[in-house]
Every structure is written in structure tokens, then in C-alpha cells.
Asker: 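Below you'll find the structure I mean.
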Amino acid sequence: MKLYEKYPVSLTNSLSGKKEVFEPLNAPFVGIYSCGPTVYSEVHLGNLRTFTSFDVVYRYLSFIDYKVRYVRNITDAGHLTNDAGQGVDRIEESAKLESLEPMEIVQKYTNSFHEVCQLFNILPPSIEPTATGHIVEQIEMVNTILANGYAYVANGSVYFDVRKFMEKHTYGELSGRNIDELLEGTRDLDRQDEKRNSVDFAIWKAVSPNHIQRWNSPWGLGIPGWHLECSVMSSKYLGRQFDIHGGGMDLKFPHHECEIAQSVGAYGKEPVRYWMHTNMLTVNGEKMSKSKGNSFLPKELFSGTHPLLDKSYSPMAVRFFMLQSHYSSTLDFSNEALSAAEKGYKKLSSSLTFIKSLNHPGTSTSDSSIDQTLKALVASCYQNMSDDFNTATTLAVLFEMSSRINDFKSGNVLLSNIDPTVFDTFKKAYVGFMENVLGLKQESGVSDHLLEGTIKVLIELRKKARTDRNFALSDKIRDDLKAIGVQLKDGKDGEITYSIE
RNA sequence: GGUCUCGUGGCCGAGCGGCUAGGCUGAGCUCUGCAAAAGCUCCUACAGCGGUUCGAAUCCGCUCGAGACCUCCA
């Protein structure tokens with residue numbers, strides 16, 4: 001029996017607004033697409049929340065035996081600041097600002113995005129396609145939509161004809177938009193606009209010859225529409241209908257709505273079975289965004305240099321902070337919350353370190369009540385994650401497990417009272433959910449062998465001092481190390497461990 | 001203005017009609033040469049007002065407050 005059969009996943013489908021049982025089209029295969037970054041500047045913490053959320057979805061579905069293909073794109077062309085016709089091309093704009101080639105901008109911020117992902121332990125997707133790598137396919141899709149009569153050409157641009165589309169299909173379903181009202185607004189449309197209706201959107205956009213990024217098409221020089229690339233790349237790698245499409249709440253309209261329309265307009269069927277939307281990271285109750293000026297860059301977080309930050313925070317503390325809330329709730333940033341998260345993470349992390357090195361002696365006089373408790377905790381991890389990827393409740397279970405691990409450590413509970421198989425399952429689950437599912441890896445306090453060795457020497461000296469009952473000296477070693485951020489902990493058995501503050 | 005979401009204890013945050021969330025902080029105890037860590041215990045909530053129900057933080061209505069989307073945004 002596969003794990004996903006034992007712990008069936010349910011998730012909130014934005015399309016219905018309800019929690020539904022997840023049934024992949026072709027189990028055990030699962031296709032996930034999530035909207036990646038537009039690489040015109042550095043990603044901020046808010047962006048990262050979404051990527052972290054889908055990273056966990058990807059990790060968990062893989063963990064419970066699904067064969068997941070996870071596609072996350074890089075938008076490196078065609079992202080205008082609006083569809084209305086006078087929009088500025090984000091990549092071009094940054095290129096001018098930084099005096100670089102557009103593709104240099106793309107490379108620079110793609111690299112930076114990858115570095116940040118690595119720091120936050122966000123796994124690379126199975127496929128990371130780029131818009132510029134799929135110009136041919138995008139032109140093909142525009143042609144298909146034109147052939148189906150759902151688009152029109154105007155001055156070298158191609159627009160999706162929403163009103164025409166609505167004669168046979170629905171538009172606005174995902175975001176709950178009242179399109180009649182949107183169409184009402186059409187009368188106010190600027191006369192100079194090439195669009196027939198204000199709700200129409202560009203699937204191919206003509207550009208002038210001095211636009212650096214441009215491609216030849218049947219309609220002249222231009223760039224692909226932003227909404228189009230996701231439709232093209234998702235259908236290319238996951239099929240015309242696939243399981244999960246994710247993204248931030250703010251992409252629901254118009255981006256995802258347009259994706260649906262394009263795919264239906266081209267291929268005649270709903271592209272996505274389950275839509276998942278992550279909620280926003282807020283600062284003092286307001287959405288974190290570049291335009292509001294309340295966003296931090298990851299590196300500002302690690303250095304603690306941003307004015308809104310009291311101190312620096314490690315990537316795993318931040319990851320833990322995000323996982324403590326549900327992906328569909330807003331999460332409010334604050335120094336207090338982050339400090340609390342940092343301590344909580346350290347607690348779980350030290351249990352992780354300990355249990356990894358702990359092995360069952362082999363024989364046991366089994367105490368079934370402890371075995372039952374441990375087994376229930378393991379099952380609870382799966383149940384919580386299968387329940388709409390509830391990382392918050394899963395963490396609560398992990399804290400419970402951490403307490404049990406500390407019982408092993410202190411000798412409150414003897415391993416000889418635990419069935420070896422149960423212990424093995426428990427250990428694998430704790431390590432697995434921490435590292436593989438939630439992606440909370442251990443942050444090595446000391447990366448330097450020299451330093452590590454030096455601390456060990458000092459620990460040996462302190463042990464000697466303690467056995468000699470030279471407490472003045474042993475306290476001095478401990479206090480002086482503490483002053484530079486190394487906390488020593490005396491174990492019952494005389495062993496001394498340390499942690500870096 | 002339209003659409004929608006949210007309002008939980010000192011703080012952050014789960015909760016999807018009945019059963020302990022959890023973390024951080026604070027207080028006490030145990031262990032310890034003293035600390036730290038750990039263990040145990042305690043403090044405590046569901047914005048307000050009505051309604052449905054045997055029973056509501058959880059469902060319905062109203063009021064107040066906050067936010068998101070409706071233009072680009074994870």
C-alpha cells in the first residue's frame with residue numbers, strides 16, 4: 001500500500017473554494033505548475049513565502065510515494081507593468097536602469113534567485129522553463145487561439161477576445177469576477193486603445209524596433225504576452241490538463257484567470273484540476289511588496305541591516321517562521337515572531353541532531369503504551385500534512401516528538417522499553433518530516449574545522465577542571481565562551497555539548 | 001463602489017459543531033557544584049450583539065474593526 005493511499009491528501013481548491021480530496025489524473029504521477037519569479041530584480045521575503053509553500057507541497061507529495069513532476073517557470077520576457085497598451089517592460093526597464101543587456105539582467109537575477117532558493121533549502125523544480133526558450137510554442141498557441149476565433153490582431157499585437165470567449169465559455173470563475181460589470185466599463189475605454197474591450201488582454205504584444213528584447217512573428221516584431229507563457233509551458237510539460245497549479249493570491253486575477261481562458265480557448269478544456277493559492281506575507285498588517293517599500297531582501301534578513309529588523313535571522317529560522325502558519329492565511333512579519341521562531345527551530349533542530357546519532361540497542365522488553373504513543377505521533381504527522389498541507393499542526397506534532405526524544409536523551413524513557421521497529425519508524429519519521437518534508441535542515445553552527453577543534457580542546461580542559469573540582473576555572477571557560485556566543489551544556493553523564501548562539 | 005478574506009490568551013499562530021493545539025514570553029518546582037539544556041506544573045482566549053442547536057471559536061444574521069483583489073505584484 002502506497003503512503004498516499006494510506007493518508008489521502010485533501011486540499012483547498014480555489015476553483016470551488018472548498019477542501020477536496022486530491023485525486024491525480026494518472027496516479028502515481030502528479031503534475032504541479034507554479035508561477036515562478038519575473039527576473040528583473042531580487043526576490044523579497046514575500047515572494048519567498050509562496051516558493052516555500054509549494055516547495056513543501058512538492059516535497060510532501062514526493063514523500064508519500066507520488067511521482068511528481070514539478071514545473072516552475074522563470075519569466076524572462078514579456079512581463080509588462082500592465083496590459084493596457086502603455087505598459088513598461090520590466091526586464092527592459094531594469095536593463096536600462098542598470099545599463100545591462102536584458103539577458104544580463106535575466107541571468108543576474110536568475111542566479112540570485114537560485115542562490116536564495118538554496119539558502120532557504122527550496123528544492124529545484126523538475127523543470128524550470130523560461131519564456132524566452134518557448135517563443136516558438138507561444139507563437140503556435142497564439143495561432144491556435146486565433147484560429148479558434150478567440151483572438152484578434154490589432155496593429156501587430158494579438159488580443160484575447162474575452163467577450164467572444166464568453167459566448168461559449170465562462171470567464172472569471174476562479175476569481176469570482178462579475179464580468180458583465182467589467183464589460184460595462186468598456187465604454188470608458190480610451191479611444192486610442194487597440195483593445196475591443198478593457199478586459200481583453202495581450203497574448204502577443206507588438207514592440208518598436210528599438211525594444212531590445214523582440215522576436216519575429218506572423219504579426220511582426222513583438223514579445224509574448226505574460227499570461228501566455230504559463231499556459232504554454234504548463235501544457236507542454238504537464239499536458240493540456242494537469243493536477244495542481246499554484247501561485248500567490250495576487251495572481252488569481254487576472255493572471256490565472258487569463259491562463260484558463262487561453263487554454264480553454266486553444267484546447268477546449270479546463271487546464272487545471274486543483275488551483276492552490278498562497279496568502280500574503282504582511283508587515284504591520286499590510287501586504288509586503290516592492291511598491292509599498294516594506295519588503296526585505298533575504299540578504300538583509302541575514303545581515304540584519306534593514307531598518308525594520310532588530311537583528312539578523314538565519315534562513316532556517318525564517319523558513320520555520322513561515323511554516324508555523326498555514327499557507328492560506330496571511331502571515332504577519334515581526335521581530336518578536338521571528339525571534340520566537342528562531343528559538344523554536346533550535347529546539348527541533350537539536351532533537352534532530354540527537355536522534356540522528358541515536359541507535360536502538362536491539363533487544364527490548366517492550367512497553368506497549370510508549371510504543372502506541374510513538375506510533376500515533378508518526379501517523380499524526382502524515383495526517384496533518386495530508387490535511388491541506390497543514391505545516392502548522394505538523395510542527396506541533398514534531399514538538400511533541402521532540403519532547404519524547406529529549407526523554408530518550410535524559411534517560412526518562414529507556415530505549416530498551418521500546419520496540420526496535422517502532423523506534424526505527426519514529427526516528428525515520430522525525431528525520432523525514434523535518435528534513436525531507438518541511439525542509440528544515442540543520443544549520444551547522446560551526447563551519448570551520450579549526451574552530452570546531454578549538455572548542456573541543458576547551459571542552460576537554462573544562463572537563464578536567466570539573467573533575468578536579470576547579471569550578472573557578474571551569475566557569476571561566478564556560479563564561480568566556482558564552483561571551484563570544486558558544487553555549488556549553490553539561491550532560492548528566494559528564495559529556496559536554498555546545499551550541500552556537 | 002464591486003468581489004472576497006480575516007478579527008483567537010502578553011506576543012505569534014492552529015482550529016472546518018462536542019474532545020489538550022503548538023511555539024515564544026512570564027511564574028514555580030525537579031535535575032545540576034553553579035549555570036545552560038531538559039522534565040513537570042501554572043497563568044489564559046476565541047471582536048460585539050442576536051439566532052440555529054442538546055451543544056458553537058467553529059453554522060446563520062447584523063454591528064464594529066483590519067486587510068486583499070478589482071492596474072503590475074508571490
Side-chain angles (χ1 to χ4, degrees), chain A residues 12 17-19 34-38 43-54 79-84 86-88 90 172 175-178 181-182 184-185 198-199 226 246-255 277-282 284-292 295 320-321 324-326 328-348 350-351 384 387-388 390-400 402-403 405-407 409-413 466 469-471 474-475 478-479 482 487-492 496-499:
Chain A
T12 305
K18 288 180 183 142
K19 202 187 278 185
S34 92
C35 295
T38 300
V43 291
H44 66 248
L45 204 61
N47 303 310
L48 231 40
R49 187 186 183 202
T50 299
F51 301 131
T52 304
S53 297
F54 289 108
H79 197 158
L80 304 180
T81 48
N82 71 49
D83 283 331
Q86 70 276 35
V88 181
R90 290 197 180 286
S175 56
R177 277 302 104 101
N178 185 338
E181 261 173 35
L182 290 175
E184 283 291 310
S198 60
V199 283
W226 174 46
M249 291 269 295
D250 49 358
L251 294 185
K252 219 174 183 181
F253 187 89
H255 186 58
H277 287 97
T278 57
N279 217 129
M280 301 292 106
L281 181 69
T282 60
N284 297 322
E286 284 202 322
K287 176 182 171 182
M288 179 180 283
S289 69
K290 278 173 200 162
S291 52
K292 283 190 174 158
S295 62
F320 177 94
F321 164 70
Q324 262 193 314
S325 72
H326 189 84
S328 65
S329 306
T330 53
L331 172 63
D332 199 54
F333 169 89
S334 72
N335 282 284
E336 262 185 315
L338 223 46
S339 298
E342 187 173 50
K343 288 184 185 169
Y345 162 71
K346 277 187 179 167
K347 198 168 177 174
L348 291 184
S350 67
S351 297
N384 282 295
D387 182 11
D388 206 5
N390 198 329
T391 53
T393 49
T394 303
L395 279 173
V397 179
L398 288 174
F399 273 107
E400 189 65 36
S402 161
S403 289
I405 292 168
N406 286 328
D407 281 339
K409 194 175 181 178
S410 64
N412 286 348
V413 172
R466 288 187 75 210
R469 302 193 69 78
N470 184 351
F471 295 125
S474 73
D475 285 358
R478 184 178 64 199
D479 295 346
K482 166 98 177 155
Q487 174 72 58
L488 296 185
K489 298 166 197 170
D490 300 339
K492 265 185 180 167
I496 301 175
T497 55
Y498 68 92
S499 63

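Every value quoted in this text rests on a predicted model; they were computed, and no experiment measured them. So you know, we letter chains A, B, ... as the sequences are listed, proteins then strands, and number each from 1.
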Asker: Mind checking A/Gly46 for me? I need base, sugar-phosphate or nothing, with any heavy atom below 4.0 Å counting as a touch.
Answerer: base
Asker: Just wondering, are more than 12 heavy atoms of other shown residues or ligands nearer than 6.0 Å to NZ in A/Lys292?
Answerer: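 Counting other residues, nucleotides and ligands, NZ of A/Lys292 exceeds 12 neighbours.
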Asker: Base, sugar-phosphate, or nothing: which does A/Leu48 touch, judged by heavy atoms less than 4.0 Å apart?
Answerer: nothing
Asker: So that I can tick it off, tell me whether A/Arg478 and A/Asp475 are bridged by a salt bridge, with the cut-off set at under 4.0 angstrom between side-chain N and carboxylate O.
Answerer: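 A salt bridge is present here (some side-chain N lies under 4.0 Å from a carboxylate O).
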Asker: Given the P atoms of B/rG9 and B/rA57, what is the spacing between them in whole Å?
Answerer: 15 Å
Asker: Heavy atoms only: give me the nearest A/Leu348-A/Phe399 pair and the separation to one decimal.
Answerer: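 Between these two residues, the closest heavy atoms are CD2-CD2, 3.7 Å.
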Asker: Checking all strands, does A/Lys346 fall into the base, sugar-phosphate, or nothing category for heavy-atom contacts under 4.0 angstrom?
Answerer: nothing
Asker: From B/rA74, B/rC69, B/rC34, pick the nucleotide closest to the side chain of A/His44?
Answerer: B/rA74
Asker: Checking only heavy atoms, does the side chain of A/Arg177 share a donor-acceptor pair with the base of B/rC4 at less than 3.5 Å?
Answerer: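 Result: no qualifying N/O pair found.
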Asker: In whole Å, what separates the C1' atom of B/rU52 from that of B/rU44?
Answerer: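 My reading of the C1' atoms in B/rU52 and B/rU44 gives 29 Å.
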Asker: Round to the nearest Å and state the distance from A/Asp475 atom CG to B/rA35 atom C1'.
Answerer: 8 Å
Asker: Between B/rU71 atom C1' and A/Leu251 atom CG, what is the distance in whole Å?
Answerer: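 Nearest whole value for this atom pair: 14 Å.
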Asker: Got A/Leu331 and A/Gln324 here, is their nearest side-chain heavy-atom distance under 4.5 Å?
Answerer: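 Contact flag for A/Leu331/A/Gln324 side chains = no.
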Asker: Is A/Asn406 near enough to B/rG39 that one of its side-chain N or O atoms lies under 4.0 angstrom from OP1 or OP2?
Answerer: yes
Asker: When you check the phosphate oxygens OP1 and OP2 of B/rA14, does a side-chain N or O of A/Ser329 lie under 4.0 Å from one of them?
Answerer: yes
Asker: Taking the side chain of A/Ala337 as heavy atoms from C-beta outward, which of B/rA68, B/rA74, B/rC12 is closest to it?
Answerer: B/rC12
Asker: If we take the C1' atom in both B/rG10 and B/rC16, what is their distance in whole Å?
Answerer: 28 Å
Asker: To the side chain of A/Lys489, which of B/rC72, B/rG67, B/rA36 is closest?
Answerer: B/rA36
Asker: A/Met249 CE to B/rC70 P: how many Å, rounded?
Answerer: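 A/Met249 atom CE is separated from B/rC70 atom P by 11 Å.
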Asker: Under 4.0 Å between any heavy atoms, over every strand shown, what does A/Asp332 touch: base, sugar-phosphate, or nothing? Just pick one.
Answerer: sugar-phosphate
Asker: On RNA chain B, compare the nucleotides closest to A/Thr282 and A/Leu45; which residue's is nearer the 5' end?
Answerer: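 Result of the comparison: A/Thr282.
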Asker: When you compare B/rU71 with B/rU58, how far apart are their C1' atoms, in angstrom units rounded to a whole number?
Answerer: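 Their C1' atoms lie roughly 37 Å apart.
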Asker: Suppose we define a pair by two distances each less than 3.5 Å, Watson-Crick or G-U wobble; what does B/rC42 pair with here?
Answerer: B/rG26
Asker: If only atom types and distance count, is the side chain of A/Asp407 paired as donor or acceptor with the main-chain N or O of A/Val413 below 3.5 Å?
Answerer: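 Checked: no pair found.
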Asker: Between B/rC12 and B/rG55, how many Å separate the two C1' atoms, rounded to a whole number?
Answerer: 31 Å
Asker: Can a donor-acceptor pair under 3.5 Å be found between the side-chain atoms of A/Asp490 and the base atoms of B/rC34?
Answerer: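 A donor-acceptor contact between them is present.
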Asker: Answer with base, sugar-phosphate or nothing: what part of the nucleic acid does A/Met280 contact at a heavy-atom distance below 4.0 Å?
Answerer: base
Asker: Where each residue is assigned the nucleotide of RNA chain B containing its nearest heavy atom, which of A/Gln487 and A/Ser402 is assigned the position nearer the 5′ end?
Answerer: A/Gln487
Asker: Do A/Leu488 and A/Lys482 have side-chain heavy atoms sitting under 4.5 Å apart?
Answerer: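 The answer is no, as the side chains (C-beta and beyond) never meet within the 4.5 Å cut-off.
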Asker: Going by distance alone, is a donor N or O of one side chain under 3.5 Å from an acceptor N or O of the other, for A/Asp332 and A/Thr282?
Answerer: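 Looking only at side-chain atoms, A/Thr282 and A/Asp332 do form a donor-acceptor pair, the distance falling under 3.5 Å.
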Asker: Taking donor-acceptor contacts at under 3.5 Å, does the side chain of A/Arg49 reach the base of B/rA74?
Answerer: no
Asker: Between A/Phe333 (CZ) and B/rC12 (C1'), how many Å, whole number?
Answerer: 12 Å
Asker: If pairing requires Watson-Crick or G-U wobble contacts with both distances under 3.5 Å, which nucleotide is the partner of B/rC6?
Answerer: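 Checking every strand shown, B/rC6 finds its partner in B/rG65, with both distances under 3.5 Å.
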Asker: Give none if B/rC31 has no partner; otherwise give the nucleotide forming a Watson-Crick or G-U wobble pair with it, both distances under 3.5 Å.
Answerer: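 Result: none.
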Asker: Using atom NZ of A/Lys18 as one end and atom P of B/rC4 as the other, report the distance to the nearest whole Å.
Answerer: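 Taking NZ of A/Lys18 and P of B/rC4, I get 14 Å after rounding.
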Asker: If I take atom CE in residue A/Met288 and atom P in nucleotide B/rA68, what distance separates them, rounded to the nearest angstrom?
Answerer: 13 Å
Asker: Counting Watson-Crick and G-U wobble pairs only, both distances under 3.5 Å, name the nucleotide matched with B/rU53, or none.
Answerer: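 By the stated definition (distances under 3.5 Å), nothing pairs with B/rU53.
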Asker: For A/Arg49 and A/Leu281, work out which heavy atoms get closest and say how close.
Answerer: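 Smallest heavy-atom distance, with atoms named: NH1-N, 4.2 Å.
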Asker: Quick check: does any side chain N or O of A/Ser339 sit under 3.5 Å from a backbone N or O of A/Asn335, one acting as donor and the other as acceptor?
Answerer: yes
Asker: So how far is it from A/His326 NE2 to A/Ser53 OG, rounded to the nearest 0.5 Å?
Answerer: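 The OG atom of A/Ser53 is 8.5 Å from NE2 of A/His326, to the nearest 0.5 Å.
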Asker: Determine the interatomic distance between C1' on B/rG26 and the same-named atom on B/rC11; round to the nearest Å.
Answerer: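 Roughly 12 Å separates the two C1' atoms.
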Asker: Considering every strand and a 4.0 Å limit on heavy-atom distances, what is the contact class for A/His79: base, sugar-phosphate, or nothing?
Answerer: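 Sugar-phosphate contact only.
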Asker: I'd like the P distance from B/rA27 over to B/rA68, given in whole Å.
Answerer: 38 Å
Asker: Mind calculating the distance between NZ (A/Lys482) and C1' (B/rA35) to the nearest angstrom?
Answerer: 9 Å
Asker: With the sugar-phosphate defined as primed atoms, P, OP1 and OP2, and the base as all remaining atoms, what B/S/- string results for nucleotides 16-25 of chain B, 5' to 3', for protein heavy atoms under 4.0 Å?
Answerer: B----BBSSS
Asker: Find out whether A/Asp490 and A/Arg466 are in side-chain contact, i.e. whether some heavy atom of one side chain is under 4.5 Å from a heavy atom of the other.
Answerer: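 A side-chain contact under 4.5 Å exists here.
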Asker: What interatomic distance, in whole Å, is found between C1' of B/rA56 and the corresponding atom of B/rC19?
Answerer: 14 Å
Asker: Atom NZ of A/Lys292 and atom C1' of B/rA74: how far apart are they, to the nearest Å?
Answerer: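 Atom NZ in A/Lys292 sits about 14 Å away from atom C1' in B/rA74.
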Asker: Closest approach to the side chain of A/Leu331, judged atom by atom: which nucleotide of B/rG13, B/rC34, B/rA68 is it?
Answerer: B/rG13
Asker: Identify whether any heavy atom of A/Leu338 sits under 4.0 Å from a base atom; if not, whether one sits that close to sugar-phosphate; answer base, sugar-phosphate or nothing.
Answerer: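 Nothing, no heavy atom under 4.0 Å.
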